[in-house]
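Reading through the structure tokens given below for one structure.
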Protein chains: 2
Amino acid sequence: MKISDGVEWSIHCCTVLALLPEGVALPAARLAEFHGVPAAYLAKHLQALARAGIVESTQGPKGGYRLARPAAEVSLFEIVVAVEGGEPAFRCTEIRQRGPAGMDPKHYKIPCGIARAMWRAEDAWRASLQEQTLADILGGLARDVDPRQAVKAATWMQEVLT
Amino acid sequence: MKISDGVEWSIHCCTVLALLPEGVALPAARLAEFHGVPAAYLAKHLQALARAGIVESTQGPKGGYRLARPAAEVSLFEIVVAVEGGEPAFRCTEIRQRGPAGMDPKHYKIPCGIARAMWRAEDAWRASLQEQTLADILGGLARDVDPRQAVKAATWMQEVLT
DNA sequence: GTCCCTATACTCGGATAGCAAGTGTCCGAGTATAGGCGG
DNA sequence: CCGCCTATACTCGGACACTTGCTATCCGAGTATAGGGAC
């Protein structure tokens, strides 16, 4: 079980986009440069975020990506689903129906108890992600980030936006 | 993000082993036959369960696998960890240290807030799995399984154990 | 000086290769059993 | 008849190919901009 790197990158990108002045967009290439990741691959995930309505894209010069909604209205869960897809991590293959003790599929009305148990755990995971928003991440940044790094980041952004 | 099929198979196998009479073992080949899955591949996962101390193995004729502890003392979490490994699903690659705004690693004492958020969700997942034991699964079986299937399964087991 | 037009260059978007982890399989090492032999 | 020994066959255990999905990349479509020209 492994969560795609794209999830980590996407959340970081959304955090940066949330810090952007109103009405300004940042190209994928700049986001990639800022995080030191391959631009072409990051673009793939930003597209997924755009399809999910989390970010908006503008083409042409001075174009790029920007957050589609206030940071407080974007949960981490939405980002994860946008990048990884909404399918549950545990997939019941109904092996209870196979083998010598199996019966006709119509007799299995209730999902397998094992699947229910695994899904219950996944629901707890989803609930936790759903109640954490980008705004919470930003609050944590303000608390934990070294002021010198904040200055470096702000300077870089100034330079890029000119 | 996908949980290995081996987890599903392993939990089903543990459930069957829990229904076994005291002091009797079931070979991997029989477990595979019962669930209609490839025997050689299932064996791989049973070995992982044995290494983790969840099941015990006996060699030679009349040998096989049996549960190492009472069903109430085996949580689903243990099984998942035994099969999938204990590494977190979300792996922080510290991209905050890279790029033009990155600083020397020694300045990053606290884990990235994004990683902390993701890990918090995983903790909720783990907690849910930890409080669900094989005994709970067995209880669900008694409630939900079609009596005719129970008979088929019991008959098969009788036949195999002779 | 102002407006319009056009060419430009910059952006996103989807289609295309490469690689790692999970999936599936095999054969060798070890051991409890069962039968045969001797006492 | 009982106990011991040996050969057997059945078990687990780790080492070896294959396939799916994530990783990484490229080039084409679309568009806001900026400059130049006409009025």
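Below, chain A is the first sequence line, B the second, and so on; all start at residue 1.
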Divergence of helical axes at both termini of the helix from C:dG1-D:dC39 to C:dG39-D:dC1 - five pairs an end, 10° steps: 10°
Sugar-phosphate only, base, or nothing, as touched by B:Arg51 at under 4.0 Å among non-hydrogen atoms: sugar-phosphate
Atom-to-atom span, CD of A:Gln47 to P of D:dG30 - whole angstrom: 15 Å
Contacts of type salt bridge (charged side-chain N to carboxylate O under 4.0 Å, His left out), residue A:Asp144, not counting sequence neighbours: B:Arg116
B:Ala48: side chain to side chain contact (heavy atoms under 4.5 Å, CB included) partners, not counting sequence neighbours: B:Arg51
Sugar-phosphate, base or nothing in reach of B:Ala29, heavy atoms under 4.0 Å: nothing
B:Arg30/B:Glu159 salt bridge by N-O under 4.0 Å criterion: no
Qualifying ring pair (Phe, Tyr, Trp, His ring centres under 6.0 Å) pairs with a residue from residues 142-162 of chain A, counting only residues at least two apart or across chains: A:Phe34-A:Trp156
Distance-only polar pair, side chains of A:Glu8 and B:Thr93, donor-acceptor under 3.5 Å: yes
Partner set under salt bridge (charged side-chain N to carboxylate O under 4.0 Å, His left out) for B:Glu56, not counting sequence neighbours: B:Arg66
Atom-pair distance (CG on A:Leu46; P on C:dC12), nearest Å: 8 Å
Rounded interatomic separation in angstrom, taking CZ from B:Arg91 and P from C:dA20: 15 Å
C:dA32 phosphate, OP1 or OP2, under 4.0 Å from B:Thr58 side-chain N/O: no
Length of the line joining A:Lys62:NZ and D:dT33:P, which is rounded to integer Å: 9 Å
Shortest non-hydrogen separation from A:Ala71 to A:Thr133 and the atoms involved: O-CB, 3.8 Å
Positive for side chain to side chain contact (heavy atoms under 4.5 Å, CB included) with A:Cys14, one of A:Ile137, A:Leu49, A:Val74: A:Leu49
Sugar-phosphate, base or nothing in reach of B:Pro27, heavy atoms under 4.0 Å: sugar-phosphate
Side-chain touch B:Glu122/B:Phe90, heavy atoms, less than 4.5 angstrom: yes
D:dG13 OP1/OP2 closer than 4.0 Å to side-chain N/O of B:Ser57: yes
B:Gln59 side chain, from C-beta outward: closest of D:dC12, C:dT11, C:dG14: D:dC12
Atom-to-atom span, CZ of A:Arg66 to C1' of D:dA32 - whole angstrom: 13 Å
Touch class at under 4.0 angstrom, heavy-atom based, for A:Ala28 against every strand present: sugar-phosphate
Check nucleotides 21-25 of chain C for protein N or O atoms closer than 3.5 Å to its own N or O atoms and list the pairs.
| from | atom 1 | to | atom 2 | distance (Å) |
| --- | --- | --- | --- | --- |
| C:dT23 | OP1 | B:Lys2 | NZ | 3.2 |
| C:dT23 | OP1 | B:Asp5 | N | 3.4 |
| C:dT23 | OP2 | B:Ser4 | OG | 2.8 |
| C:dT23 | OP2 | B:Tyr41 | OH | 3.1 |
| C:dT23 | O5' | B:Tyr41 | OH | 3.3 |

